[in-house]
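Down below is the structure, laid out as structure tokens.
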Amino acid sequence: MVRIILGVIVGFIVWTILWVGSDQVLVNLFPEWYGAHDFEMQRAIDNQTAFTADSTILTIAIVRSIIFSLMSGFLAAVVSGENQKAPLFLGVLLLLFGLFVQAWAWSYFPIWYHLIFLALLVPMTVAGGRFKSKD
């Protein structure tokens with residue numbers, strides 16, 4: 001049980017580092033596009049003003065989430081030594097945290113983004129766990 005908990009914690013930390021780190025890389029690589037979008041979103045949230053999200057950036061965010069969920073599910077399975085419980089628990093934890101974040105930013109993104117982003121967290125994390133053989 002301790003290894004499962006450790007796998008979930010490691011998976012969550014890795015997912016978060018990958019998300020924040022890749023976001024900063026994109027901001028630095030594309031300051032006029034991605035960075036400007038990020039800045040405008042933050043300004044809208046801080047000032048509680050309207051914001052129109054770029055669909056391409058939202059699609060990239062969904063793809064990043066899929067990749068990071070697969071990777072973190074696999075890592076949770078490797079650390080825990082099993083490929084079912086840890087990825088599932090990690091997926092649920094990511095979903096709960098994702099619900100909190102999406103609720104906070106609900107009015108700034110279209111509904112399709114929220115629903116797709118949240119709906120894919122658990123299945124992609126579980127799928128990532130299945131990449132590890134049962135041994």
Residues Ile13, Ile17; criterion side chain to side chain contact (heavy atoms under 4.5 Å, CB included); working and verdict: CA-CA 6 Å; Ile13 291 169; Ile17 289 169; 3.6 Å; yes
Residues that Gln42 engages under side chain to side chain donor-acceptor pair (under 3.5 Å), provided they are two or more places apart: Asp46
Asn47: partners by side chain to side chain donor-acceptor pair (under 3.5 Å), with sequence neighbours left out: none
Rounded to the nearest 0.5 Å, how far does [atom2] of [Y] lie from [atom1] of [X]?
{"X": "Lys85", "Y": "Met1", "atom1": "NZ", "atom2": "CE", "value": "7.5 Å"}
{"X": "Leu70", "Y": "Arg130", "atom1": "CG", "atom2": "CZ", "value": "11.5 Å"}
{"X": "Leu95", "Y": "Leu121", "atom1": "CG", "atom2": "CG", "value": "6.0 Å"}
{"X": "Gln24", "Y": "Asn28", "atom1": "CD", "atom2": "CG", "value": "6.0 Å"}
{"X": "Ile9", "Y": "Ser80", "atom1": "CD1", "atom2": "OG", "value": "12.0 Å"}
{"X": "Glu40", "Y": "Asp54", "atom1": "CD", "atom2": "CG", "value": "12.5 Å"}

For the student: nearest non-hydrogen atoms of Phe109 and His114, plus distance: O-NE2, 3.3 Å
Nearest heavy-atom neighbours spanning Glu82 and Pro87: OE2-CD, 4.0 Å
Hydrophobic cluster identity match, [X] and [Y], side-chain contacts under 4.5 Å:
{"X": "Ile67", "Y": "Val101", "value": "yes"}
{"X": "Val2", "Y": "Phe89", "value": "no"}
{"X": "Met124", "Y": "Leu99", "value": "yes"}

Main-chain N/O of Leu88 paired to Gln84 side chain as donor or acceptor, under 3.5 Å: no
Ser72 and Leu18: CA distance, side-chain angles, deciding distance, side chain to side chain contact (heavy atoms under 4.5 Å, CB included) verdict: CA-CA 9 Å; Ser72 64; Leu18 290 171; 6.0 Å; no
Remaining members of hydrophobic cluster (4.5 Å side-chain criterion), Leu115: Trp106, Ile111
Val25: hydrophobic cluster co-members (side-chain, 4.5 Å): Leu26, Val27, Leu29, Phe30, Trp33, Tyr34, Ile57, Ile60
For Trp19, all residues meeting ring pair (Phe, Tyr, Trp, His ring centres under 6.0 Å), sequence neighbours excluded: Trp15, Phe117
By ring pair (Phe, Tyr, Trp, His ring centres under 6.0 Å) - contacts of Phe97 (at least two apart): Phe12
Other residues, nucleotides, ligands: >12 heavy atoms within 6.0 Å of Arg64 CZ: yes
